[in-house]
Each structure stands twice: as C-alpha cells, then as structure tokens.
Amino acid sequence: MRGIAKKAFPFALDGINVVHISAGSDFPPSGYTVSDTTFGGLAAAGFLEAVEEGLLPEEEALNRRLIVAIDKRMSAMSDEDLKALIARRGTPFSGNMVHAVLVAEAKAQLLREYEGAEPVAFVNPNAGVTEQPLSAPGQATPPSAAAAVEQQKAQQEASQQQQEANMQNGGENKATNQFGEPLPAGAGKLTRGELAKLNKADLEAYAAKHEVDLTGAKTKDEFLDAIAGKY
C-alpha cells in the first residue's frame, strides 16, 4: 500500500533510525515498504491518505514536489526572514517566537499572496511583533505581551487608588512633608527642625503615628516639645 503524508510525523523506516516524514511526501518512500497493519494505523490516525498503486499523474507529482520543496525552503529560513514575510500582511503579530510558529505564520501569508492578496511593503518586520511566553505544562497559556502590560497598568492604578483611599480614611500615610508629599510608611523619626516645617495637622498625624500624647499642647512649640520629649 502507498499513500501521501497528510502531516509531518517521525517514523523508523528500518525499525531503528527515526526519520522525518514531511507533509505531502510519498509514504513509504521509494525503496521502503511497511506492513498493511502499520499503514492502516497511520492512515486511521490521520497521518496518511491512501492512493491507488502505480505512478501519480505527472502534473500531480509535480504539485506534490512543489509542496515539499516550499515546505523545506521555508523551514530553513531564518527567524528574521520569516518575521519580514509575516509583516507583509500589515497587521501586528503576537505569539510564541518559536521557529515552527513563525514558519506556519509565514506560510499563511505566502498563501494569501499567491491567492491574490497584495503584500504590505515598507514595514518594520519587528513592528507590532511581540513575544508570548510559552505556558508551563498543565497551565493555561499566558496573556500576550500587550495584555500583560494592560494588566500591570490596571494593577498599578488600583494600588494607587487604594493608597489614596487609605489616606482619605485617616491611614498612617496621611501626614505630608513640606512639599505636600505623603510621609513614607515606616519612615524614621523626624528631627525637631524637620518637625518644625510641618503644619499643625501634620504634627497631630505624626504624633498619633508615634503614640505621642498631645493632651494640653496648644501651640506649635508645645507640640514640638511633646514630640521631642517622647524620644
């Protein structure tokens, strides 16, 4: 029995050495034979399409040789050449930058052009091309680079909004310095000179943070004396 490979697969023709059977090639190759059981199993699994015994018509044989030649040539192209071909479709590409994926995308673009689509010229092959990391076994495919950036931006905005809400609700970062900037959480104690630059509200917030009792203090100097006396 003879057939045509519907998709690429590895096979040990001599029972020992594994070779690559490319899509569109004859199977078994010239000079080899396989059992009907093996052939039937490969056909049932979708790897082969059986053909009638005998030579293929000349035009059909030429078409199959063309498919195999294009497949080999594109598989041997560099990643940069493949990205340049992909870029001719004029739309951004985001995916895993493994060679096999680039080959498949380049084949798809070449087919579009053969079918009449006009290629986009004068484009940067790396423009809009972003890498999507491979997922770990058993895990969902991670988001594209663009989606990851948007997710990170959203998280930063949510964190900032939470900090602002904490400050409005009397959080420990409510006190500000002379520049109107919030005092960092866990900041060290300020000197008397630094405290003197704060307004009354800031001194009260600072005292509360450091558990300083301001009972009886009314003026700024009394506030400073009470805080300084604490440490």
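One-based numbering along the sequence shown. Fair warning: this is a prediction, and the values are worked out from it, not measured in the lab. The figures here come from the full heavy-atom set of this structure, side chains too, leaving out hydrogens, waters and symmetry mates.
- In this structure the side chain of Ile70 reaches within 4.5 angstrom of the side chain of Leu66, judged on heavy atoms.
- The distance from the NZ atom of Lys218 to the NZ atom of Lys200 is 10.0 Å, given to the nearest 0.5 Å.
- Heavy atoms only, all atoms of each residue included: Leu195 and Leu203 are closest at O-CD2, 3.5 Å.
- A salt bridge is absent between Lys209 and Asp202; no separation between the charged side-chain nitrogens and carboxylate oxygens falls under 4.0 Å.
- Residue Arg112 places its CZ atom among more than 12 non-hydrogen atoms of other residues, nucleotides or ligands, all under 6.0 Å distant.
- In this structure the side chain of Phe223 never reaches within 4.5 angstrom of the side chain of Val212, judged on heavy atoms.
- Taking the side chain as every heavy atom from C-beta outward, Arg192 and Asp225 approach each other to under 4.5 Å.
- With salt bridges taken as basic N to acidic carboxylate O contacts below 4.0 Å, none links Lys197 and Glu194.
- No side-chain heavy atom of Phe11 sits less than 4.5 Å from a side-chain heavy atom of Tyr32.
- Interatomic distance, CE of Met74 versus CG of Leu110, reported as 5.0 Å (0.5 Å rounding).
- Taking 4.5 Å as the limit, every side-chain heavy atom of Val68 sits out of range of all side-chain heavy atoms of Asp71.
- In this structure, His210 contributes its side chain and Ile227 its backbone to no donor-acceptor pair below 3.5 Å.
- Side chains of Glu113 and Gln109: a donor on one and an acceptor on the other come within 3.5 Å.
- When only modelled atom types and interatomic distance are considered, Asp213 and Thr215 share a side-chain donor-acceptor pair under 3.5 Å.
- In this structure, Lys7 forms a cation-pi arrangement with Phe47, its terminal cationic atom sitting closer than 6.0 Å to the ring centre and no more than 45° off the ring axis.
- Using a 4.5 Å heavy-atom cutoff, the side chains of Glu204 and Leu214 are in contact.
- Smallest separation of non-hydrogen atoms from Leu198 and Lys220: O-NZ, 3.0 Å.
- The line from OG of Ser78 to NZ of Lys83 is 9.5 Å long, rounded to the nearest 0.5 Å.
- Contact annotation: the side chain of Arg89 never approaches that of Val120 to less than 4.5 Å [non-hydrogen atoms, C-beta and beyond].
- Not a single donor-acceptor pair under 3.5 Å links the side chain of Glu105 to the backbone N or O of Leu102.
- Closest approach of Ala50 to Phe39, counting heavy atoms only: CB-CE2, 3.9 Å.
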Determine all donor-acceptor pairs shorter than 3.5 Å in which one atom belongs to a side chain in residues 13-25; sequence neighbours excluded.
from  : atom 1 : to    : atom 2 : distance (Å)
Asp14 : OD1    : Ile16 : N      : 2.9
Asp14 : OD1    : Asn17 : N      : 2.8
Asp14 : OD2    : Asn17 : ND2    : 2.8
Ser25 : OG     : Ser22 : O      : 2.6

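- Phe27 and Ile67 sit in two unconnected hydrophobic clusters of ILVMFWY residues. Membership requires side-chain heavy atoms under 4.5 Å apart, directly or through other members.
- Residues Ala106 and Leu82 approach most closely at CB-CD2, 3.6 Å, considering heavy atoms.
- At least one side-chain heavy atom of Val103 sits less than 4.5 Å from a side-chain heavy atom of Lys107.
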